[in-house]
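For reference, the structure is listed below as structure tokens.
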Amino acid sequence: MNNSRAEKQREQEANRSGELGQQAWNQLEKLRQEAPLVQCITNFVSMDIMANVLLSAGASPAMIHSIEEIPEFTPKAHALCVNMGTLTPDWLPAMKKAAEVANKEGKPWILDPVAAGATSFRLKACIELLELKPTVVRGNASEILALFKSSVDSNSKGVDSIHDSVDAVEAAKSLAQASGSVIAVSGAVDIVTDGQRVVGVQNGVAMLQKITATGCSVTALIAAFVAIDPLHVVEATASALSIFGLASEIGMDMAKGPASLRVHLIDSLYGLKQATVLHRVSISDL
Ligand SMILES: Nc1ncnc2c1ncn2[C@@H]1O[C@H](COP(=O)(O)OP(=O)(O)O)[C@@H](O)[C@H]1O
Ligand SMILES: Cc1ncsc1CCOP(=O)(O)O
Ligand SMILES: [Mg+2]
């Protein structure tokens, strides 16, 4: 590539990155103004941090999972988050029912296939939910690979990934094409794809892996962002991942380890300012 072409490409990339940063800020500002109600059917480990992450971002969380309440409550929610973390057979009908109600109401719903490749019961349940057409699926690389292959992984480490996100790009694209869902793979670089476009998010710190349920929490944040901008699902998903990652970067400057990062992450998310978002959000087309 000659110099002027390379320069032009760099300029275009910088403009695009600036546009995506502006879009992330606009979505966060709207989220703070509109405080979308996010219904979370989630695991016992994640309930506290997930609700606090949603609140600090400006959303309204509700951890409501009983099947009796779903026909009355799910239509009131602006988005639904379904998380498989502490799955038992008695929770599955409520998860499916909520997904069906969300679909009927035209509300976005997001699936977190926690430890999808760990056991056949869990994998089957995740596939059944995937068939109900979630708006977005967000998992770590091992979870997305297990869903793509529809197979249990004999090396699975449960909720933790044994793969890098970049190793799941092609699987994520194919899964997005086959399912019609936007697929997000978290990791050192977060990947978001609708099967055609692939976007990378560079924000975040490795220490997030040492705090339980940060993946679950960012999935719930995706639900809040998609509720705010349902016509731009790829961008809203990338914004949520980027804003969460940026809050962790700022929190990390004050943290002494995982426990204090958890606190500073929530404070930083609450206090995020426009200039910081515009300057530090790092989202690019891959
Ligand atoms: N090596 C890393 N460097 C920076 N951020 C990371 C890294 N690994 C994971 N993250 C971030 O941590 C959060 C949780 O992702 P991840 O650990 O992949 O999910 P899960 O907890 O479901 O396995 C995401 O915001 C992701 O971007
Ligand atoms: C440790 C654990 N066990 C079952 S669910 C859960 C939390 C998983 O959270 P994350 O997927 O965000 O790491
Ligand atoms: Mg997870």
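Source: prediction; values computed, not measured. The figures here come from the full heavy-atom set of this structure, side chains too, leaving out hydrogens, waters and symmetry mates. Whatever order the structure lists ligands and atoms in, that order sets their numbers, starting from 1.
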With no hydrogens and no angle check, do the side chains of Gln39 and Thr74 hold a donor and an acceptor under 3.5 Å apart?
-> yes
Any idea which atoms of ligand 1 are less than 4.0 Å away from a heavy-atom of [X]?
{"X": "Asp190", "answer": "26 (C), 27 (O)"}
{"X": "Thr214", "answer": "14 (C)"}
{"X": "Val159", "answer": "23 (O)"}

What do you reckon, does Val114 have a nitrogen or oxygen under 3.5 Å from a nitrogen or oxygen of ligand 2?
-> no
I want to know if ligand 1 touches [X] in the polar sense, i.e. an N/O pair below 3.5 angstrom.
{"X": "Asp160", "value": "no"}
{"X": "Ser186", "value": "yes"}
{"X": "Asn140", "value": "yes"}
{"X": "Cys216", "value": "no"}

Among all protein heavy atoms, pick out the one at the shortest distance from [atom]; state its residue, atom name and that distance to 0.1 Å.
{"atom": "atom 3 (N) of ligand 2", "result": "Val159 CG1, 3.7 Å"}
{"atom": "atom 4 (C) of ligand 2", "result": "Gly85 O, 3.5 Å"}
{"atom": "atom 1 (C) of ligand 2", "result": "Thr212 OG1, 3.7 Å"}
{"atom": "atom 6 (C) of ligand 2", "result": "Val45 CG2, 3.8 Å"}
{"atom": "atom 17 (O) of ligand 1", "result": "Gln209 CG, 3.9 Å"}

Which is it for Val205 and ligand 1 at heavy atoms under 4.0 Å: side chain, backbone, both or neither?
->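 Under 4.0 Å from ligand 1, Val205 contributes backbone atoms alone.
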Closest to atom 11 (C) of ligand 1 among Leu208, Ile243, Ile211 (heavy-atom distance) = Leu208
Proximity flag Ala213 to ligand 2, non-hydrogen atoms under 4.0 Å |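 Contact present.
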Numbering the atoms of ligand 2 from 1, which are under 4.0 Å from a heavy atom of [X]?
{"X": "Gly215", "value": "12 (O)"}
{"X": "Thr214", "value": "12 (O)"}
{"X": "Cys216", "value": "8 (C), 9 (O), 10 (P), 11 (O), 12 (O)"}
{"X": "Asn43", "value": "5 (S)"}

Counting only heavy atoms, which portion of Asn140 has something under 4.0 Å from ligand 2: side chain, backbone, both, or neither?
-> neither
